[in-house]
Structures are given as structure tokens and as C-alpha cells.
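Following: one structure in C-alpha cells, then a few remarks.
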Amino acid sequence: MLKYLDEYRDKDLAQNLVAQINYASKKSIRIMEVCGGHTMAIRKYGIQNLLPPTIKLLSGPGCPVCVTSRSFIDKAIAYSAMPDIIITTYGDLMRVPGTSSSLLKEKARGADVRIVVSTLDAVKIAKENPEKTVIFLGIGFETTTPPTAIAVLEASKIKLKNFLILSAHKLMPPAMAALIDEGTLIDAYIGPGHVSTIAGSKIYKPLVNQYDISVVISGFEPVDILQSIWMLVKQIESGIPSVEIQYSRAVSQEGNLKAQNLVNDVFEPCTAFWRGLGAIPKSGLKLKPEYNSFEAESLLPLEIAEKPEPKGCLCGQILKGQKIPTDCKLFGKTCTPEKPVGACMVSDEGTCAAYFKYNDY
């Protein structure tokens, strides 16, 4: 069993797995990773260059910042312009462009926008500023939703009246299904490791049953990913799709039941708008009616329509695996990590950022 970091980067193990993949892979297949951490690792270690021509890797909508809609950013910016409002957010959302600005720019212009590393930091800010209204921007997938639920429960417990959530939390399986329904050709998914740590492998079984697609939940080191690809190739060549766990040191079939219960206590599914993918039913999470007093959009309603991506930006198609960053005329020219045009270049887990960082073009 692999226990230590070095073993997950062992050259001989990696070469052995590459040899096994090359030997086993007969059919032409398209494998999509739906985790930004996997996208970065694949490009960092050049895994795409080690595979036989029968295997094509696609990057999907696995970066939580990238799939957060422009209207969400616009809404957060509109709230930040209101009097006596404090916006609290994780740092990676600060540079994401809305239609005409970003939270970072608005902060520079005087808006009270604060970066927090924990949802409970946002609760603390609300306690310390009773004359203000504190809005926490809840984004991300199954991994980041439990901390938001904890914040809501804590605020409810201490009867905070000035703490609100603007939720863009999302669920991964509906998006994975939507990509297939839309016609993106995918034979297998490299399952997201972090999401699966919380939700367990069981959430992918309906996908396998409905679409006959293979899923292997992978760790993030090069040997992890190569082993996952090898497992997927074996499934496809055998004609028996299933859900398997390569990342067994962190993921189980049931997942983290305590975290799941927290989320189920506070949130319920809703339609969510994904940047690039549009509105997907039951792919988002909103607060349950008993927690409506913490729902920013209920207490401070705003009508902000979704806007198209900037002219020339292919983020939407890149998030669907239909284009790659080098297909975009803006990539590496007018769109760089220092001056990003689209969300895929902003995020540390974005596909464009990965291509740019590792000079994969």
C-alpha cells in the first residue's frame, strides 16, 4: 500500500502504470477530470503526454470559482455598494470578474470586502459589528458546503440577526450528467477526490446506471492519477462500467455522514446557474425555509440577470470540455494570470491557468 508522499511520485511506479495503460488501451476514449486539483496535477506532471493516442483527457467544470456565475459576482458587488454591508469571502473569489468589475476592484474603491479563511470568521465579524449586516459568499461543491452549514447553525444558535448567506453552493453529479445530456462525448470520469471525501462514492452510481459511464475517484499525485486512468481503461475495455475508488486513503462509499447530515439539516436542492453550463435543475443548494432569516436574497432581493461572457472568451466551452485554452484567441495574449479576462484564468485551479502555468501550449 502506498503510504507516503514520495511513493505517490515514484518514477518506477509511474512508468509501470504508463506501460500497463499502453498495453491495455485498445479503444479510443475520452476521459474527463471534474476537479480543478486534478487539472493542475495532470498539467504539472505532464500526464497527458505519457498516455497513448487512444486516450484523450478533457478538463471539466471542477473549479468552484470558475463555475460561479457572473450574476453571482455582480450581485455580491451590488451588495457591497449598499450602506452598512460587509462582504466576507474566501480569497480566491476576489479577482473573479463580474460584468464590469470584481470584488477586489470594489474593495480598492472603498467597499468593505473582507477575506476570511473560515466561515466562523464571518460569524465573528457579524458579532463584532452589530450595526452592520455581514454577508458571507458561499461557493463551491460538496466539500465547502458543510462549513457554511456550520456557520448558519452557529448564527442561529447565538441568534445573530445581522449574518446572511449568499449561496452559490453546487452539487457535482447533476453537472456531470448535464454535460453528457448536452452531447459532450465522455466515456469516463476521473471522480473528484475532495467532493467524494465528503459525499462518498455512492453519489456517482446513478450516473453509471443511467449513462453506462465509468467513474474512478482519484487522489491528486501522479501515481494516483495514472492508476485511476489504468482502472478506467480496464473498465472500458471489459465493457463493465462501475464506480471504483482509487483514493481509498480518503474516500469511502458512504463518505462523511456527519458532514452530510449538517448540509441536509440546513440546505435543500435548487436550480443553479453554472458559468458556461447554464441553469441545471437540482444542482445547487439553498437554505431551507426555517433558515430563511439568513438568506441574503430573501432579505435583500436583487434582480440581476446573467450576462454573456466577455467577447472572445471561451470559458464556457472550456468548462464543458468542448474547447481547450489554446483554442481561445485571448489566451496568453490579452488574457493572462496577471490580467485575466475569464474565470478559467483567474482561479488557481482553472484550466487556462493550468495551461499557462505549465506552458502547455
Side-chain angles (χ1 to χ4, degrees), residues 32-36 38-39 58-73 75-76 93 96 137-149 165-184 186 189-211 213 215 217 243 255 259-260 262-264 266-289 291 295-297 304-306 309 315-322 343-344 347 349-351:
M32 175 176 278
E33 86 272 0
V34 284
C35 179
H38 287 150
T39 300
L58 308 173
S59 296
C63 161
V65 170
C66 300
V67 298
T68 299
S69 69
R70 297 182 88 194
S71 61
F72 180 86
I73 303 296
K75 202 168 290 182
L93 205 59
V96 178
L137 308 181
I139 70 161
F141 307 120
E142 287 85 344
T143 316
T144 56
T145 313
T148 306
I165 299 289
L166 180 61
S167 176
H169 283 299
K170 292 179 172 60
L171 300 168
M172 185 54 78
M176 295 165 74
L179 286 174
I180 300 171
D181 288 336
E182 189 169 311
T184 302
I186 302 168
Y189 277 116
I190 295 176
H194 294 147
V195 164
S196 309
T197 301
I198 300 297
S201 66
K202 63 182 185 295
I203 63 170
Y204 309 106
K205 287 185 177 177
L207 275 175
V208 174
N209 294 336
Q210 184 173 353
Y211 299 102
I213 197 165
V215 179
I217 301 157
V243 180
Q260 293 169 31
L262 280 171
V263 172
N264 292 334
V266 174
F267 288 98
E268 63 185 16
C270 66
T271 296
F273 196 94
W274 296 58
R275 191 185 290 239
L277 278 71
I280 303 176
K282 297 183 178 179
S283 70
L285 291 170
K286 64 178 182 180
L287 293 173
K288 284 187 169 179
Y291 295 105
E295 173 60 64
E297 290 186 284
I304 293 181
E306 189 61 36
E309 294 296 322
C315 268
Q317 291 161 283
I318 290 169
L319 288 167
K320 290 189 283 190
Q322 296 173 350
C344 297
S347 171
E349 294 187 343
T351 305

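Every heavy atom of this structure was used, including side-chain atoms; hydrogens, water molecules and symmetry mates were not.
Counting all heavy atoms, side chain and backbone alike, Ile139 lies closest to Pro64 at CD1-O, 4.3 Å. Nearest heavy atom pair, residue Leu207 against residue Ile213, reads O-CG2, 3.8 Å. Considering all non-hydrogen atoms of both residues, Val34 and Pro192 come closest at CG2-CD, 3.6 Å. Closest of all the heavy-atom pairs between Val195 and Met172 is CG1-CB, 4.4 Å. Summarising the geometry of Leu319 relative to Leu179, their closest heavy-atom pair is O-CD2, 4.5 Å, with the distance given to 0.1 Å. Here the closest heavy-atom approach between residue Pro281 and residue Pro174 is recorded as O-CB, 4.2 Å.
Although no hydrogens or angles enter the test, the distance criterion places a donor-acceptor pair under 3.5 Å between the side chain of Tyr189 and the main chain of Met176. Side chain of Ser196 to main chain of Gly255: no donor-acceptor pair is present (N/O by atom type, distance under 3.5 Å, no hydrogens or angles). Remark: side-chain polar atoms of Lys320 are not paired, donor with acceptor, to backbone N or O of Pro61 under 3.5 angstrom. No side-chain donor-acceptor contact under 3.5 Å links Glu297 to the backbone of Leu166. Glu309 contributes no side-chain N or O that, together with a main-chain N or O of Cys315, makes up a donor-acceptor pair within less than 3.5 Å. In this structure a side-chain-to-backbone donor-acceptor pair under 3.5 Å is missing from Ser347 to Ala343. Of the possible polar contacts, one joining the Ser283 side chain to the Ile280 backbone as a donor-acceptor pair under 3.5 Å is found.
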> Are Thr148 and Ile165 close enough, and set up right, to give a side chain to side chain contact (heavy atoms under 4.5 Å, CB included), and what steps lead you there?
Replying inline: CA-CA 8 Å; Thr148 306; Ile165 299 289; 3.8 Å; yes
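Note that CD1 of Ile190 is 10.0 Å distant from SG of Cys35, once rounded to the nearest 0.5 Å. Taking NE2 of His194 as the reference point, atom CD1 of Ile217 lies at 13.0 Å (rounded to 0.5 Å). With values rounded to the nearest 0.5 angstrom, Leu137 atom CG is found 6.0 Å from Leu93 atom CG. Separation of atoms OG1 (Thr144) and NZ (Lys170) is listed at 10.0 Å; rounding is to 0.5 Å.
Between Arg275 and Glu306 there is no salt bridge, since no side-chain nitrogen of the basic residue lies less than 4.0 Å from a carboxylate oxygen of the acidic one. Using a cut-off of 4.0 Å between Lys/Arg side-chain N and Asp/Glu carboxylate O, Lys286 and Glu295 are scored as not salt-bridged.
Ile304 places none of its side-chain heavy atoms less than 4.5 Å from the side chain of Phe72. Contact of the Val65 side chain with the Glu349 side chain is not registered, since no non-hydrogen atoms from C-beta on lie closer than 4.5 Å. At least one side-chain heavy atom of Pro146 sits under 4.5 Å from a side-chain heavy atom of Ile198. Looking at Leu285 and Thr145, their side chains come closer than 4.5 Å, going by heavy atoms from C-beta outward. Under the 4.5 Å side-chain criterion, counting only non-hydrogen atoms from C-beta, His169 is in contact with Phe267.
The local environment of NZ in Lys282 is sparse, with at most 12 non-hydrogen atoms from other residues, nucleotides or ligands closer than 6.0 Å.
Ring geometry, Trp274 versus Phe141: the interplanar angle falls under 30°, so the pair is classed parallel (tilted spans 30 to 60°).
No hydrogens or angles considered: a donor-acceptor pair under 3.5 Å links the side chains of Ser59 and Glu33.
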